[in-house]
Amino acid sequence: MLRLEDLIGKTVALTLVQSEKAGGYDALLHGVESGGLWVEIAEMERILGYIPRKPKTLQSRPQQKPVFFIPYAQIAFLIAPSTELGESDLGA
């Protein structure tokens, strides 16, 4: 059985309850909590006007991107990538 925790670090498609965007969002799953999900959504970054800073030195930290908390009550549905099963997984 697939669990949300198994999808951390993978891209999922999700649709939000009160969103006007048809088709939903592609989101990189960062974390799973009892109340919702922590996701990175490039389109929301653009909507909010997120502009990455240029590094001051070559040894500076990697850029940090905003991560959004989406409560489960606001998620209409979530689609995960399918898992390919081999014959041994099917009990053959």
Side-chain angles (χ1 to χ4, degrees):
M1 180 173 169
L2 186 65
R3 299 174 314 135
L4 282 172
E5 289 86 1
D6 298 333
L7 299 173
I8 292 174
K10 296 189 176 163
T11 300
V12 297
L14 57 88
T15 299
L16 303 177
V17 174
Q18 296 182 355
S19 176
E20 295 178 7
K21 183 178 185 300
Y25 301 93
D26 288 331
L28 179 62
L29 186 61
H30 280 271
V32 177
E33 290 191 21
S34 60
L37 305 175
W38 287 99
V39 295
E40 178 182 321
I41 302 174
E43 189 165 345
M44 286 189 180
E45 292 173 19
R46 285 190 297 276
I47 290 169
L48 294 174
Y50 170 73
I51 301 171
R53 294 175 293 147
K54 293 185 179 184
K56 295 177 183 174
T57 66
L58 294 176
Q59 305 245 336
S60 65
R61 295 184 312 202
Q63 287 291 324
Q64 294 180 352
K65 291 187 159 201
V67 178
F68 304 93
F69 181 78
I70 310 289
Y72 290 122
Q74 295 301 314
I75 300 173
F77 67 87
L78 182 142
I79 301 172
S82 65
T83 304
E84 293 185 28
L85 299 174
E87 287 183 30
S88 62
D89 296 322
L90 299 175

Leu28 with Val39, same ILVMFWY side-chain cluster at under 4.5 Å: no
Rounded distance (nearest 0.5 Å) linking atom CG of Asp6 with atom CG of Leu29: 10.5 Å
Pairs touching residues 27-36 that satisfy salt bridge (charged side-chain N to carboxylate O under 4.0 Å, His left out), sequence neighbours left out: none
Cluster overlap Val67 with Val32, hydrophobic side-chain contacts below 4.5 Å: no
Lys21 atom NZ: more than 12 heavy-atom contacts under 6.0 Å: yes
Can you give the donor-acceptor pairs under 3.5 Å from side chains of residues 11-18 to other protein atoms, not counting sequence neighbours?
none

Minimum heavy-atom distance Ile41-Asp26, with the two atoms named: CG2-O, 3.9 Å
Ring pair (Phe, Tyr, Trp, His ring centres under 6.0 Å) partners for Phe69, two or more places apart: Trp38
Worked check of side chain to side chain contact (heavy atoms under 4.5 Å, CB included) between Tyr72 and Leu4: CA-CA 12 Å; Tyr72 290 122; Leu4 282 172; 3.9 Å; yes
